[in-house]
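Just so we're clear, the structure is a prediction, and the values are computed from it rather than from any experiment.
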Amino acid sequence: MTIIIDQPQLQLGTQAEEGHVTTTAQKDIGLDGGFFVPQTNSYGNNFRDYNAESHRQKGVEEFYKTNHINQTYDYVKRMRAEYEKLNKVEMSIWECCELLNNVVDDSDPDIEEPQIEHLLQTAEAIRKDHPNEDWLHLTALVHDLGKVLLHPSFGELPQWAVVGDTFPVGCAFDASIVHHKYFKENPDYNNPAYNTKYGVYSEDCGLNNVMMSWGHDDYMYMVAKENGTTLPSAGLFIIRYHSFYALHRAGAYKHLMNEEDRENLKWLKVFNKYDLYSKSKERVNIEKVKPYYLSLIDKYFPAKLKW
């Protein structure tokens, strides 16, 4: 199936030079740049406070209860086998962005704006602080595009199978995972093959060999990789693990990482600040920034992708 979305013809201008993870950026990777980290979210609560009273709190907790009960090792294997076929839709990156206009993430306690707003807020905040890392700007734009799994063309999966924090399956569920208590109802919780520190994995095996809970992160990683994106390894790592908060916020599961993972994690920690704290009610002028992001899409992705 092909989804066709009419778009005005835009003059893109000259493309930037070929993007790379520069030595200078690597030295500056720990710097905050000029980005201001707000103290509270749009509701006046701390970011990622899953116990704060708000009109979203109850729904978010119910979401995680369902997610934690159903994300089993066997379920993830089935979903990966189904979606790695990439036979649902053929469309461009920007067409996918526009499909997210009506998607609101039920797992997020900090925002209820359409997802395209979040993508551009994140990308523009990074662009301001890291102007020479165009691959990182584009990674921010595409990192949540896997949420199109909620769309009927992709099977209209339930929110618990698309969004929320991700975590490894096939080994013990770490206590740092949000609403961990609900894992007690997951069939893998008492399965000796899956409930130990290493489970089916081994020390330093590399996250590429670890199955993560199924959702938009892993799906978008598949789409990007199999369609031949030229984003660097760090960009693909960010796409695949940006919701893996147990790792990049709590330091869990480091025993499964290899050296490449450890290097890429540095960039994920840079990205995460913008992903989390750029969420606000302030809108980005989409038409104003669109030409720039179309030029990056043309640089790093084919014109049409299989999804």
Show your reasoning for whether side chain to side chain donor-acceptor pair (under 3.5 Å) applies to Tyr293 and Glu124.
CA-CA 10 Å; Tyr293 289 103; Glu124 285 293 283; 2.6 Å; yes
Between Leu256 and Asn209, is the side-chain contact (heavy atoms from CB on, under 4.5 Å) condition met? List the steps.
CA-CA 9 Å; Leu256 300 177; Asn209 295 306; over 6 Å; no
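The minimum heavy-atom distance between Ala140 and Ala123, with the atom names listed, is CB-CA, 3.5 Å. The heavy-atom pair separating Val76 from Ser213 by the smallest distance is CG2-CA, 3.9 Å. The shortest non-hydrogen separation linking Leu141 to Leu119 is O-CD1, 3.2 Å. Residues Lys147 and Val162 approach most closely at CA-CG1, 3.7 Å, considering heavy atoms. Closest non-hydrogen pair, His143 versus Thr122, comes out as CE1-OG1, 4.3 Å.
Between the side chains of Tyr64 and Asp165, at least one donor N or O sits under 3.5 Å from an acceptor N or O. Residues Asn264 and Tyr241 have side chains that never bring a donor and an acceptor to within less than 3.5 angstrom of each other. If you check the side chains of Asp74 and Thr72, you find no donor sitting under 3.5 Å from an acceptor.
Residues Glu90 and Leu305 are not in side-chain contact: their nearest non-hydrogen atoms beyond the backbone lie 4.5 Å or more apart. Two residues are said to be in side-chain contact when any heavy atoms from C-beta on lie closer than 4.5 Å; His137 and Leu296 meet this criterion.
Exactly one residue among Phe237, Trp135, Tyr274 makes a ring-ring contact (aromatic ring centres under 6.0 Å, His included) with Trp267. That residue is Trp135. For the side-chain hydrogen bond (donor to acceptor under 3.5 Å, both in side chains) test with Ser243, the passing option among Thr166, Asp218, Asp217 is Asp217; the others fail. With Asp275 as the partner, the side-chain hydrogen bond (donor to acceptor under 3.5 Å, both in side chains) test is satisfied by one option alone out of His242, Gln121, His118: His118.
Aromatic ring pairs are classed by plane angle as parallel below 30°, tilted from 30° to 60° and perpendicular above 60°; the pair Phe167 and His68 is perpendicular. Classified by interplanar angle (parallel below 30°, tilted 30° to 60°, perpendicular above 60°), the ring pair Tyr253/Phe244 is tilted.
For Tyr75 and Trp160, the distance between ring centers is under 6.0 angstrom. Under the 6.0 Å cut-off for aromatic ring centres, Tyr198 and His255 qualify, their centroids lying closer than that. A ring-centre distance under 6.0 Å is not found for Phe154 and Tyr83. Aromatic rings of Tyr73 and Tyr194 (six-membered ring for Trp) have centroids within the 6.0 Å cut-off, being under it. Between Tyr219 and His216, the ring centre distance reaches or exceeds 6.0 Å.
Within the model, atoms CZ of Phe183 and CD1 of Ile69 stand 10.5 Å from one another, a figure rounded to the nearest 0.5 Å. Here CG of Leu231 is found 6.0 Å from CG of Leu236. Values are rounded to the nearest 0.5 Å. Of the inter-residue distances, the one linking Ser295 atom OG with Lys290 atom NZ reads 13.0 Å to the nearest 0.5 angstrom.
Between Glu82 and Lys88 there is a salt bridge, since at least one side-chain N of the basic residue sits less than 4.0 Å from a carboxylate O of the acidic one. Salt bridge annotation for Glu117-Arg283: present, with a cationic side-chain nitrogen under 4.0 angstrom from a carboxylate oxygen. In this structure, Lys304 pairs ionically with Glu95, as a charged nitrogen and a carboxylate oxygen lie closer than 4.0 Å. With respect to the salt-bridge test (charged N to carboxylate O, under 4.0 angstrom), the residues Glu61 and Lys181 qualify.
Asp174 places no side-chain N or O within donor-acceptor distance of the main-chain N or O of Ile177, the cut-off being under 3.5 Å. No donor-acceptor pair closer than 3.5 Å links the side chain of His248 to the backbone N or O of Leu268. With hydrogens and angles disregarded, a donor-acceptor distance shorter than 3.5 Å links the side chain of Asp261 to the backbone of Asn258. Under a 3.5 Å cut-off, the side chain of Trp307 and the backbone N or O of Met91 do form a donor-acceptor pair.
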Validation: residues 199-207 side-chain donor-acceptor distances under 3.5 Å, sequence neighbours left out:
| from | atom 1 | to | atom 2 | distance (Å) |
| --- | --- | --- | --- | --- |
| Tyr201 | OH | Val169 | O | 2.5 |
| Tyr201 | OH | Met211 | N | 3.0 |

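Taking the centre and axis of the six-membered ring of Tyr292, the NZ or CZ atom of Arg127 falls inside the cone set by 45° and 6.0 Å.
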